[in-house]
2 protein chains.
Amino acid sequence: MENKKKITITDVADKAGVSKSTVSQYLNKRYQYMSSETKNKIAKVIEELNFRPNDNARNLKVKKTKVVGIVLANLLHHLSTEIVRVVEERLQSHEIKVFICNSDDSPEKESDYIDLLISKQVDGIIIFPVGNDPKVYNYVISYGIPLVFIDRIVDGVTTDCILLDNKAACRLAVSQLQNKGHENIAFLTLPTDIPVSTRRERIEGFKEAMSFYQLEVQENNVFSVPREEIQGVLEQRFLQENKPTAIVAGNDLVLREVLSFINKVSLSMPNDLALVSIDEVTYSNLYNPSITTVNQPVKEMGEKTADILLDRINGKTDDPFRVYRFAPELIIRGSC
Amino acid sequence: MENKKKITITDVADKAGVSKSTVSQYLNKRYQYMSSETKNKIAKVIEELNFRPNDNARNLKVKKTKVVGIVLANLLHHLSTEIVRVVEERLQSHEIKVFICNSDDSPEKESDYIDLLISKQVDGIIIFPVGNDPKVYNYVISYGIPLVFIDRIVDGVTTDCILLDNKAACRLAVSQLQNKGHENIAFLTLPTDIPVSTRRERIEGFKEAMSFYQLEVQENNVFSVPREEIQGVLEQRFLQENKPTAIVAGNDLVLREVLSFINKVSLSMPNDLALVSIDEVTYSNLYNPSITTVNQPVKEMGEKTADILLDRINGKTDDPFRVYRFAPELIIRGSC
DNA sequence: TTGTAGGCGTTATCAG
DNA sequence: CTGATAACGCCTACAA
């Protein structure tokens, strides 16, 4: 189990009785310039020695690494990982591998991983951004590495962005509820003090949708509070007059809290309270009653991300950067 | 937005009016050999030029990369990602970064990613294995890269393994059910034709636990079928005599199917049917009724994984490789 | 305290 | 078809 000296292309060349160059030719599949005899010989030696070329050395000469880095805000966020899967599949089919990094909602970690990916010379970077310092991201761009944002926009950074049409999502949610006769609708989301474009868009979208359907937005029905306070504010709200008859949960974390609240006070859906959640969750079909959700088109978004990135990497496009908005889809289930 | 020539240590040296070596010293924080004047000058130039050292070149000389690769079987599997988070946190505190790769339950992809990680010269590799060809894994070891398996064992590979004590998990599940007076207990798991040690261990564990509690294992109560067949076999089974009064779900995927079945035929838990699931799921507390689960000690397992790997990487141990079994924990909730 | 020279493992160029 | 040889960007003696 000694940590033996790593074997190199030179070892292979020596043992095969050819030169390094020839082995290199072999590694790069330039078989044309090679007798099938030497070819086989090299193959055998590589097998025997269990040789693997050192990519670091290779990338010193060759500019492309065929690796793309994805920096995830949160590994546990199901939507992100689903998009990643789609992106990865698409990139794989172009022979590109993916390294996933987890920023764990920390701008510092995110920045560290971006630096690492740059120093590894990856061909492209995809970020679910958590930070709000444009400098970090702009450096990637100025370094010449194609960059795509998913899920959020960062002020001051001009690059391709893949986003849900959040306002349309709210409109779908509200439309479904007002269809069912609800007028007193509450909206809950996490705090918007940090510049997370998504949350702000959803609040605005909710308000716009309400007025679109000529419903009144009661100010004590719109909440933007930290996760751990959600149950508290709901309990309070439901002690007041004029209880909401329906709730729109601004994302999956909010949904969890809302469901806990509903369980705790034994409300029954959809009669006591109707519910629509933005973003799919794993248990929407399983839950009793099943949960109506507004879903992101994961497949389309992932594929678009991969395609844009590929085009930029291969220099196939000089189109100006733009924001791609994807239409949400309403999945009507039992909760409303 | 031209893809400008990447700037190198030479550019920095030139612009700062010092030599490459001095810049290198700076990069490696050897400030002792440097006037604070030159130090500041270099810092400024690096900032201005937005220089980032090329890790590939660096790693050619320096053996440690300070990067560990994790190959995940399935990004969407919550348990895995939770363990990854713990591992990562631990490794971060030792200045080690983590690249996550998704094998997507494909042995080929897994093998490709292992090769990639090797050629990137990572310091260590952690795998949630999906393949069963020892060669792939043994190559990592023979290459001198420390390797840790999580969740499964692979026949023919001798290395450190982090596993749940699966038999104990089944014993906990059965004990809880027999406590509640159940005797006719069914067990469901996915197929065991591929050599996935975990599934086999859980089936055996179930049988042993039953006999330990002097309960009879009815052969038509033990299922090992593909996911898409689970609901079908349950429907059939519940048409027969002697219906089970309780079910143990062998993992989270099985649980989903069982819950769908229960919903479809409108059984009520825990009265019509009691349920215990092995492995935690995100919705266990939210569900109605909440779901009793046998949990893996994610934190301990993740930390142990990181610690073992760190010790191996730093050559701090020559202990023989071993299998670490972790005690599961029963979380009693409403489903039984 | 700074500079020079050589090497890390691979690829590319160009003779042979 | 094969083999020298010079990069690639950085690090590390050792010399100045």
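Letters A, B, ... are given to chains in the order of the sequence lines, protein chains preceding strands, and every chain is numbered from 1.
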Practice item. Under the ring-ring contact (aromatic ring centres under 6.0 Å, His included) rule, collect the residues that match up with A:Tyr324, sequence neighbours excluded. Key: none
Practice item. Specify the separation, in whole Å, of atom CG of B:Asn59 and atom C1' of D:dT12. Key: 16 Å
Review point. Roughly how many Å is it from NZ in A:Lys120 to C1' in D:dC10, rounded to a whole number?
Key: 13 Å
Review point. Once each nucleotide of nucleotides 10-16 of chain C is scored for protein heavy atoms under 4.0 Å, what B/S/- sequence comes out, 5' to 3'?
Key: BBB----
Revision key, fill the gap. When rounded to whole Å, the CD to C1' distance for the pair B:Gln121 and D:dC11 reads 16 Å
Check your understanding: Quick check, are the ring centers of B:Phe149 and B:Tyr137 under 6.0 angstrom apart?
Key -> yes
Exercise for review: Ignoring backbone atoms, test whether B:Thr38 places a side-chain nitrogen or oxygen under 4.0 Å from the OP1 or OP2 oxygen of C:dT1.
Suggested key: no
Check your understanding: If we only count heavy atoms from C-beta on, is the B:Ile145 to B:Ile118 side-chain gap below 4.5 Å?
Key -> yes
Revision key, fill the gap. Between A:Ile9 and A:Lys20, the two heavy atoms sitting closest are CD1-O, 3.9 Å
Practice item. Please report, rounded to the nearest Å, how far the P atom of C:dG7 is from the NZ atom of A:Lys6. Key: 22 Å
Review point. Does NZ or CZ of A:Lys39 lie under 6.0 Å from the centre of the six-membered ring of A:Tyr26, at an angle within 45° of the ring axis?
Key: no
**Study point:** Spacing of B:Ile42 atom CD1 relative to C:dT1 atom P, expressed in whole Å
**Key:** 13 Å
Check your understanding: Do we see a donor-acceptor contact under 3.5 Å between the side chains of B:Arg152 and B:Asn132?
Key -> no
Check your understanding: Rounding to a whole Å, what distance do you find between B:Lys29:NZ and D:dC11:P?
Key -> 12 Å
Revision key, fill the gap. Atom CD of A:Glu37 and atom P of D:dT2 are separated, to the nearest Å, by 8 Å
Point to revise | Nearest-angstrom distance from the residue atom CG of A:Asp11 to P of C:dC8 | key: 11 Å
**Study point:** Side chain of A:Lys63 (C-beta onward), nearest among D:dG3, C:dT2, D:dC8
**Key:** D:dC8
